[in-house]
Structures are given as C-alpha cells and as structure tokens.
Amino acid sequence: MVLRRRQDGPLLTREDIPDVPPLLVDPTSVFNPGACRLKDGRPMLLLRVQSRGRHTFFMRAFGCDQSGCEVERQIVEIAGLEKLGGPVHHVYDPRITRLEGHWYVVCAIDLDRGSRVGIFTTDDFTKLELLAVTGNRDARNGVLFPEKVGGKYLLLERPNTVKPAVGTASGDVIELRASDDLLHWATVGPLLSGRWHYWDELVGAGPPPVKTSDGWLLVYHGVATHLGGAIYQAGAALLDLADPGKVLGRTRDNILEPREPWELMGQVPNVVFPTGLLTSPPREDGTLSPESQVLVVYGAADTCVGIASATVTDLVAACREGGV
Ligand code: BMA
C-alpha cells in the first residue's frame, strides 16, 4: 500500500482521553481529527471525542507525530451556533486550514434538517467561532484550500444526494466551490465522482489539499458499498495548480484500507477515514519537496486514531499511474 501505517498500533485510543466531568467520563471513542502544525512547529490534533451518551466534543492534543500524543484535559468551546436556528446535534470531522495568516476549521454540523458545512475561525483552538455555513443544503466533508487561486477562495464539499438504506445520507460527487469573502459560496462544478462497482463508490475530501510542484495533492475517502456493508478507504488525487477543477490523476486503487484489527472492528467496522495531514514546512515557493513525508492522520472504525505516511513522490506517482 502507498500509505504505510506506523508500526505500533493506533496513535490514540479512548484510554488516552482524560475525563472532563461531568460532560465526558470514560469516553467511548476518539476519531477523525483535524491536524496542523502550530507556529512553533509542534503538531496539534483537534480530536473528535464521543461520550457514552454519544455526544460529540473537540479536544486538543499536542506533539502528535509518529511517537505519541498528549491530550489536554479541556473541551474546546464552540460559539455562534445559535445563528443556525434550531438544535445543533453534532459538530464533527474538523479539517484545519491556515489561510492568509488565520486558522479556519471546517466541520460538518448535524441539524434536524440535515448536515451543513460550517466554517469556523479560531486563534488557538481553545474556542471555535462559527463564521458561516456554506449553503442551505445537506452536505459534508468541506475542506478549504490554503490560498486563493485565480483570485477566489476555494472549498471542496460533498453534497449528500445518496440515501443509503441504513445510516445518514452520503454522496458520490466532490464539488469545487468558490467564494469572494468566505461567507457566500457558489459551486464551480463537479471535481471527482464515485466509481460505482469499485473501491470508491461514495467519495468525500479528506484533509485540505497540499501544494506540490506537480499539483494540489488531495487525499480523499472512498466507500465501497457493493459488498454488502460499507468499507471506508483512502485514495489520492492530483489537481492542477492554477485550475484545481482539473484532475491530473487519481489513484486507481485505494492507498490505505482497513486491515488492522482496530480498523476492522469498532463502533463502525471497516473504516479508515483521513481528516488530518502533517508535513514538514514547504519550500519558499510554497510547495512541498518531493522527498517530504506526508503524515496522514485518520479515524479508524470510528473508535480510535491511526497515522500512516508516504513521500510526496510516491503519492504523486500513484495519482499519475491511475490516470484520470
Ligand atoms: C461518514 C461520517 C464520518 C464517519 C464515517 C464512518 O459518513 O459520518 O464521520 O467516520 O461516516 O462511519
């Protein structure tokens, strides 16, 4: 497989999560974290933690590279949800982008009327403040590009147009969307569609795209449904630097699939769900060097957190080999 998981099992399990009574005592699971490097270079994860009541919380973890993590005994505050009118059940699957010197966290938000993609701002991840929702339609897997392209802010989003017999609505198209102000978004067009009968029938963006000299590298998740259940896997695509609506290549096979017991078994079996990505600092032109290691942080079986790596060269080659 292109992505190689670290040798010694999951990066984080529920045992690593400190209690924060009364809200969080003996949590059920930790998964699908956002990831970034803070200004001092330290990696930070924004963890999705689930209580025994299956309420969703975010917590911060520091120093998480291949070696291990320290989870802070504090729940991240989320402000501004009253703007949405009506109950907010969950804010989850954070994707972190540094853009024009500011942090943005894009999350799925579950309302009675479906899921929305919300863009939050933050200074230090102790508090997220809702800036905008990207539209009034059922959608998830929103990720912001780390810079404007062609004078526009860009976002990938997956509308939930597929209603499986069991579970929440999903989707088989990742769309490219654009905005002048981060508040109002318009769809540019479809970017990647699901390949029915194969590994990625349903699709959604993973972590925000990263810049390489060959193009924007996007890790995404694909779901195979034709085998009876749902198998969540990871793949990658390469997008044109100047025109990210153009796909230059896409891995034919998945690059990471559930194989370890902790990926195969858990709250939702058979899931690797990439949401975070850590790299070394880019070069002066903003691109990663070909030999850079890309660390992909993922939720496993909606129960714990795994980490796997590959070089930029290997990921780009796998995209190119897959064709378009
Ligand atoms: C997706 C999202 C993720 C979850 C995955 C597997 O639809 O809900 O949060 O990890 O399913 O259950």
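One-based numbering, in listed order, for ligands and for the atoms of each. Starting from 1, each residue takes its place in the sequence as its number.
- Using a 4.0 Å cut-off to heavy atoms of V268, the atoms of ligand 1 that qualify are 12 (O).
- Ion pair K211/E147 flagged as a salt bridge, since at least one NZ, NE, NH1 or NH2 atom sits closer than 4.0 Å to an Asp/Glu carboxylate oxygen.
- In this structure, the protein non-hydrogen atom closest to atom 11 (O) of ligand 1 is Y232 OH, 3.1 Å.
- The ligand atoms of ligand 1 that sit less than 4.0 angstrom from a heavy atom of D93 are 2 (C), 3 (C), 9 (O).
- Remark: P258 pairs with I231, Q233, E263, L264, N270, V272 by the side chain to side chain contact (heavy atoms under 4.5 Å, CB included) rule, at least two apart or across chains.
- Classification of R14 and D16 as a salt-bridged pair fails, no side-chain N sitting under 4.0 Å from a carboxylate O.
- Aromatic ring orientation, F145 versus W216: perpendicular (interplanar angle above 60°, classes split at 30° and 60°).
- Using a 4.0 Å cut-off between heavy atoms, R48 contacts ligand 1 through its side chain alone, with no backbone atom that close.
- For atom 12 (O) of ligand 1, the nearest non-hydrogen atom of the protein is D302 OD2, 2.7 Å.
- Looking at W196 and H226, their side chains never come closer than 4.5 Å, going by heavy atoms from C-beta outward.
- For the pair T168 and ligand 1, the shortest N or O to N or O distance does not fall below 3.5 Å.
- Ligand 1 lies out of reach of H221, whose nearest heavy atom is not under 4.0 Å from it.
- Nearest heavy atoms, A205 versus I174: N-CD1, 3.6 Å.
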